[in-house]
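Values in this document were obtained by computation on a predicted structure and should not be read as measured data. Within every chain, numbering begins at 1; the chains are lettered A, B, ... in the order of the sequence lines, protein sequences first and strands thereafter.
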Protein chains: 2
Amino acid sequence: MTIEDRREREKRELHELILKTAAEMFRKHGYEKTSMRAIAQAIDYSPGTIYRYFKDKDELMFAISVNGFRIFYQYLSVVRHIDNPMERLQVLGRQYIRFAIDHPAYYDLMFIMPDPIKGIGEGEHWEDGHRSHTVLVDVIKECMQEGHFKGHDPIDLSLMIWGQVHGILALYLRHRMEMYTDKKHEVLLNDALEAFNSIIRNS
Amino acid sequence: MTIEDRREREKRELHELILKTAAEMFRKHGYEKTSMRAIAQAIDYSPGTIYRYFKDKDELMFAISVNGFRIFYQYLSVVRHIDNPMERLQVLGRQYIRFAIDHPAYYDLMFIMPDPIKGIGEGEHWEDGHRSHTVLVDVIKECMQEGHFKGHDPIDLSLMIWGQVHGILALYLRHRMEMYTDKKHEVLLNDALEAFNSIIRNS
DNA sequence: TGCAAAAATGAACAGCGTTCACTAAATTTT
DNA sequence: AAAATTTAGTGAACGCTGTTCATTTTTGCA
């Protein structure tokens, strides 16, 4: 028994070593530079070994994104102590942006990069992904209970609001804001969100 | 003279043949499948030849995106005949989404893909890009002259509104809407936009 | 017709993700 | 303890990518 336990532990450890190393390289140097060969070299294994632990690069990247969603969910969780739902919604947006700016590589992988087709919306992993979305929908519903967003569907609203914060972030992270030269882009980002916030506050 | 004219004409023609072929392949099969070799093969030239007409793949893709922006601008131009600025703004959003759904490969290249760093915001090309953005900013300013969006900066608003439509489209095109299973995504897209429209209508 | 300039070529380079026959190590069986 | 079996790790090789460049072919002119 104890011998089999050790084997499984070793497997888990190597699995995690690959994952952590890949995540770190990815965070530091981005997707392109993080090649399977480079990861293998970083942990002193041959490239083929990685494929005993991850089916392909997509699966590895998906596993990394699960890490990302864990951190993401922590960022969103700071709104829990805010009682007023409308204020909670606004802080949620700010925290969303903060995460993306603090962890741009993760955000890109999680929300912008070509999807790995894999079971992205299923299984025990992705918990934090679903949870995060639920946080948004729930706070919207609470806002509606207080009389906001009258006549709208909370699902439509959730995509609208998610799309709003994602949109300005996606433009920012993919350098599509070059025509905005008046302010620092990070400032503009927040100003655009605050404009949105102040508009929905009275809705 | 006439002989040199012909030579230049031939050069322009091959330039355009490469461009059109690449654009078509790109539109049909996407970025990944459109390799330099595949383009060369499609026009019965060797791979090296393309590099006499385009510095690298980035430059070729940029040239294709210029085509995309020309079409894009045409989509946006249908709002010209709408007098009421607020209504014009809303139709602008709908046309924006229509373009993205009609030409997803172009939209991806223009607004989502990793930027080619190149002079994306400069030079004689990109005219339609700047023009399109000006259309948005102008209509916002007109809305403000009619008393809308009081107390806001038109630049902030332009990023907010652009970000709104871009956001839901980017989530849609990159398949990040899997948790929305109630409606067809294209319908949800429009519903989210209409929710946004109805909210800003009273602002 | 001969010659210089321009254009087109395609092999070669360095990289990528991925596979798989093979070696080496660890574990179980005899 | 030795042999057999299972497992882990290897790294060369496959087919692909964008790109370069010495070489060949084509072109235009004297």
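- For the residue pair B:Tyr107/B:Tyr96, the side-chain donor-acceptor check at 3.5 Å is satisfied.
- Using a 4.5 Å heavy-atom cutoff, the side chains of B:Met160 and A:Ile199 are in contact.
- Within the cation-pi definition used here (under 6.0 Å to the ring centroid, within 45° of the axis), A:Arg176 does not qualify as a partner of B:Phe111.
- The NE2 atom of B:His15 sits 14 Å away from the P atom of C:dA8 (whole-angstrom rounding).
- Between the NZ atom of A:Lys33 and the P atom of C:dA14 there is a distance of 16 Å, rounded to whole Å.
- One axis for each end of the helix from C:dG2-D:dC29 to C:dT30-D:dA1, each built from five base pairs, and the angle between them comes to 30° at 10° resolution.
- Defined by atom type and a distance below 3.5 Å, a donor-acceptor pair is missing between the side-chain atoms of A:Tyr73 and A:His130.
- Cation-pi check for A:Lys57 over A:Tyr31 is met; the charged atom lies under 6.0 angstrom from the ring centroid and within 45 degrees of its normal.
- Using a 4.0 Å cut-off between charged nitrogen and carboxylate oxygen, A:Arg131 and A:Asp128 count as a salt-bridge pair.
- Atom-to-atom, NZ of A:Lys57 to C1' of C:dC16 comes out at 8 Å; the value is rounded to the nearest Å.
- Whole-Å rounding puts the A:Leu17 CG to D:dA8 P distance at 16 Å.
- The side chain of B:Leu14 has C:dA8 as its nearest neighbour among C:dA8, D:dT10, C:dT18.
- Side-chain contact between A:Asp153 and B:Lys183 is present, with at least one heavy-atom pair separated by less than 4.5 Å.
- Atom CD1 of B:Ile18 and atom P of C:dT9 are 10 Å apart (whole Å).
- At a non-hydrogen distance threshold of 4.0 Å, B:Ser46, B:Gly48, B:Thr49, B:Arg52, B:Tyr53 from residues 46-53 of chain B come into contact with DNA chain C.
- With 3.5 Å as the limit, one finds a donor-acceptor pair spanning the side chains of A:Tyr172 and A:Glu186.
- For the segment residues 35-43 of chain B, the set of residues with a heavy atom within less than 4.0 Å of an atom of DNA chain D comprises B:Ser35, B:Met36, B:Arg37, in numerical order.
- From A:Ile64, atom CD1 reaches atom CG of A:Leu109 across 6.5 Å, with rounding to the nearest 0.5 Å.
- In the model, A:His152 has no side-chain atom that pairs as donor or acceptor with a side-chain atom of A:Ser203 under 3.5 Å.
- Look at CG on A:Leu60: it is 10 Å from P on C:dT18, rounded to the nearest Å.
- At a cut-off of 3.5 Å, with distance as the only test, a side-chain donor of A:Tyr75 or A:Asp102 sits close to an acceptor on the other residue.
- A straight line from CG of B:Asp58 to P of D:dG18 spans 11 Å, rounded to a whole angstrom.
- Between the NZ atom of B:Lys55 and the P atom of D:dT19 there is a distance of 8 Å, rounded to whole Å.
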